[in-house]
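Whatever order the structure lists them in is the order used to number ligands and atoms, beginning at 1. Below, all heavy atoms of this structure are taken into account, side chains as well, without hydrogens, waters or symmetry copies.
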Amino acid sequence: MNKKPIGVFDSGIGGLTVVRTMLKHLPYENIVYFGDTARVPYGSKSPQVVREYAEDITKFLISKDVKMIVIACNTVSAVALDVVQKYARIPVIGVIIPGAEAAAAWTKKKRIGVIGTAGTIASSAYSNALKLINPELQVYSRACPLFVPLVEEGWMDHPATEMIAKEYLFPLMTEKIDTLVLGCTHYPLLKDVITK
Ligand code: DGL
């Protein structure tokens, strides 16, 4: 077994939701986690800026001698996967393709909703990946920029969060989606209110 650590990074602490799942499946792996709490959020920044940040962090993780890199951040995976691959020269996994594959396998009605940051939704990365997997899929996307600050505030089950979730999700529900991709590291922490 290669004992080197796996590098994981995100724009902040949200990517620990990805680490939690990784450790469930790979309990013997060592992980070096980089959360860019100094420069978060990424979701409202331009692709150019996010690409520069991705380059910095990749160089940092390579200096820690990681054996592979997992980009936990959806926004980075959407707009800068190629940058990380270029500088890493080791295996790199983003979250868009695995998320799209899971959604495509799950849907029965071929109607999928995707929520994410403004950057992720503007990039169309999820809808492009889903259409590549199955061109018959109907994809309905919506940016939910208020979800990240609500999570950071710890308002997971606050009435304001419920109201905002209703507002964001109503148009997707009227499209009769049967599967929703939580395309942002913070959204699993709102799973209860989103599911409701
Ligand atoms: N980590 C980001 C993502 O998954 C969300 C937080 C941010 O805007 O930086 O897209």
Would you check ligand 1 and list the protein residues that come within less than 4.0 Å of it by any heavy atom, ordered by chain and number? Asp10, Ser11, Val40, Pro41, Tyr42, Gly43, Cys73, Asn74, Thr75, Thr117, Val148, Cys184, Thr185, His186

Report, one line per pair, each donor and acceptor closer than 3.5 Å where one atom sits in a side chain of residues 189-196; sequence neighbours left out.
residue	atom	partner	partner atom	Å
Thr195	OG1	Lys191	O	2.6
Lys196	NZ	Glu162	OE1	3.2
Lys196	NZ	Glu162	OE2	3.0

Centroid-centroid distance, Tyr168 to Phe147, less than 6.0 Å: yes

Is the distance between the ring centroids of Phe34 and Phe60 under 6.0 Å? yes

Under the side chain to side chain contact (heavy atoms under 4.5 Å, CB included) test against Cys73, which residue among Val79, Val40, Asp10 passes? Asp10

Please tabulate, one pair per line, all N/O donor-acceptor pairs under 3.5 Å involving side-chain atoms of residues 98-123, not counting sequence neighbours.
residue	atom	partner	partner atom	Å
Thr107	OG1	Lys110	N	3.0
Thr107	OG1	Arg111	N	3.4
Thr107	OG1	Asp178	OD1	2.6
Thr107	OG1	Asp178	OD2	3.3
Lys109	NZ	Lys176	O	3.4
Arg111	NE	Glu175	O	2.7
Arg111	NH2	Tyr140	OH	3.0
Arg111	NH2	Glu175	O	3.0
Thr117	OG1	Thr75	OG1	2.9
Thr117	OG1	Thr120	N	3.2
Thr117	OG1	Thr120	OG1	3.1
Thr120	OG1	Thr75	N	3.4
Thr120	OG1	Thr75	OG1	3.3
Ser123	OG	Thr120	O	2.7
Ser123	OG	Ala125	N	3.1

For Tyr87, which fellow cluster members are found when Ile, Leu, Val, Met, Phe, Trp and Tyr are connected by side-chain heavy-atom distances below 4.5 angstrom, either directly or through intermediates? Val83

